[in-house]
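Following: one structure in structure tokens, then a few remarks.
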2 protein chains.
Amino acid sequence: MEDLTMCPKFETAFQLLGKRWNGLIIRVLLHGPSRFRDISSHIPNMSDKMLVDRLKQLEINGIIERKVYPETPVRIEYQLTSKGRALEPALDEIQSWAENWVENETPEPVENQ
Amino acid sequence: MEDLTMCPKFETAFQLLGKRWNGLIIRVLLHGPSRFRDISSHIPNMSDKMLVDRLKQLEINGIIERKVYPETPVRIEYQLTSKGRALEPALDEIQSWAENWVENETPEPVENQ
């Protein structure tokens, strides 16, 4: 049986990615650096307040970085870090599993811990 | 840009797997059908009450099934369904990402939604 002590890291990863919108934001940024408005336009059901919150959390966790270009007007872009880009294969596998196996009906609710 | 309407399934998957202990329970069951005590012994920090709860949730979500063998005494085993076994590549990718990129220090808390 493998060493199960890796579990806290593993669960940290899933908790971060399982939080609503985070997976989608990362998928948008896999296409390249984007401004706030661009990300927002790809995820129409998410409020701006929520996007601000999620971008901050992803930045704190080292998944994305915020680049400020001192132009007039100032340009701000969000982009994945190496850590964030490294998520692509995992996101692809989960996406593929979900497409094959998760039903279209309303899923069983997974309550918060 | 890909179709982002798949997101609810994707997030359902991550929420289920991000819930504490679920990933570990699935990893234990990837080694084969197990009795309650066997699963419990591999995850010493998890209470029996918690394991009962998680097994029920994973069963409702079609990830595992509970087999009752009418022996004396009755034998009950838990095993992954096809849907559950199909998670292995995704779990491996996340595990590998987490080992490479998640710090050992206490991570930034990811509050519940």
Side-chain angles (χ1 to χ4, degrees), chain A residues 1-2 4 6-24 27-28 30-31 42-46 50 53 57 59-63 81-84 86-104 106-113, chain B residues 1-2 4 6-24 27-28 30-31 41-46 53 57 59-63 81-84 86-104 106-113:
Chain A
M1 173 82 51
E2 75 236 79
L4 293 180
M6 297 311 291
C7 71
K9 291 184 177 187
F10 180 80
E11 281 165 354
T12 300
F14 268 111
Q15 280 165 27
L16 185 69
L17 297 170
K19 198 159 180 189
R20 198 167 185 209
W21 309 116
N22 280 353
L24 274 182
R27 292 194 87 80
V28 171
L30 279 169
H31 294 266
H42 283 296
I43 315 177
N45 293 331
M46 179 185 48
M50 187 65 86
D53 173 82
Q57 185 180 55
E59 193 183 354
I60 288 170
N61 281 275
I63 306 290
T81 59
S82 307
K83 179 178 177 180
L87 276 168
E88 189 164 19
L91 293 177
D92 286 347
E93 286 290 352
I94 288 284
Q95 176 87 13
S96 148
W97 179 83
E99 282 174 26
N100 286 324
W101 295 99
V102 179
E103 307 275 329
N104 268 321
T106 315
E108 278 303 313
V110 179
E111 325 82 50
N112 285 323
Q113 297 165 73
Chain B
M1 174 81 52
E2 74 233 81
L4 293 180
M6 296 311 291
C7 70
K9 291 184 177 187
F10 180 81
E11 281 165 355
T12 299
F14 268 112
Q15 281 165 26
L16 184 68
L17 298 171
K19 197 159 180 188
R20 197 165 185 209
W21 309 116
N22 280 352
L24 273 183
R27 292 193 87 80
V28 171
L30 279 169
H31 293 267
S41 71
H42 282 297
I43 315 176
N45 293 331
M46 178 185 48
D53 174 81
Q57 185 180 54
E59 194 183 353
I60 289 169
N61 281 275
I63 306 290
T81 59
S82 308
K83 179 177 176 179
L87 276 169
E88 189 164 19
L91 293 177
D92 286 348
E93 286 291 352
I94 289 284
Q95 176 86 13
S96 147
W97 179 83
E99 282 173 26
N100 286 323
W101 294 99
V102 178
E103 306 277 330
N104 267 322
T106 314
E108 278 301 313
V110 178
E111 326 83 48
N112 286 321
Q113 298 165 74

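The sequence lines fix the lettering, A, B, ..., with proteins before strands; numbering per chain opens at 1. Computed from a predicted structure; not experimentally measured.
Per-residue counts of heavy-atom pairs under 4.5 Å with chain B were compared for Leu91(A), Asp92(A), Asn45(A), Leu17(A); the largest is that of Leu17(A). The most heavy-atom pairs under 4.5 Å with chain A, out of Ser96(B), Gly23(B), Pro89(B), come from Pro89(B).
For the residue pair Trp97(B) and Ala13(A), the shortest heavy atom distance occurs at CZ3-CB, 3.5 Å.
Note that the CG atom of Asn100(B) and the NZ atom of Lys83(A) stand 11.5 Å from one another [nearest 0.5 Å]. Rounding to the nearest 0.5 Å gives a distance of 9.5 Å between CH2 of Trp101(A) and CD1 of Ile63(B).
In this structure, the portions of Ser82(B) lying under 4.5 Å from any heavy atom of chain A include both its backbone and its side chain. If you measure heavy-atom distances from Leu30(A) to chain B, you find no contacts under 4.5 Å at all.
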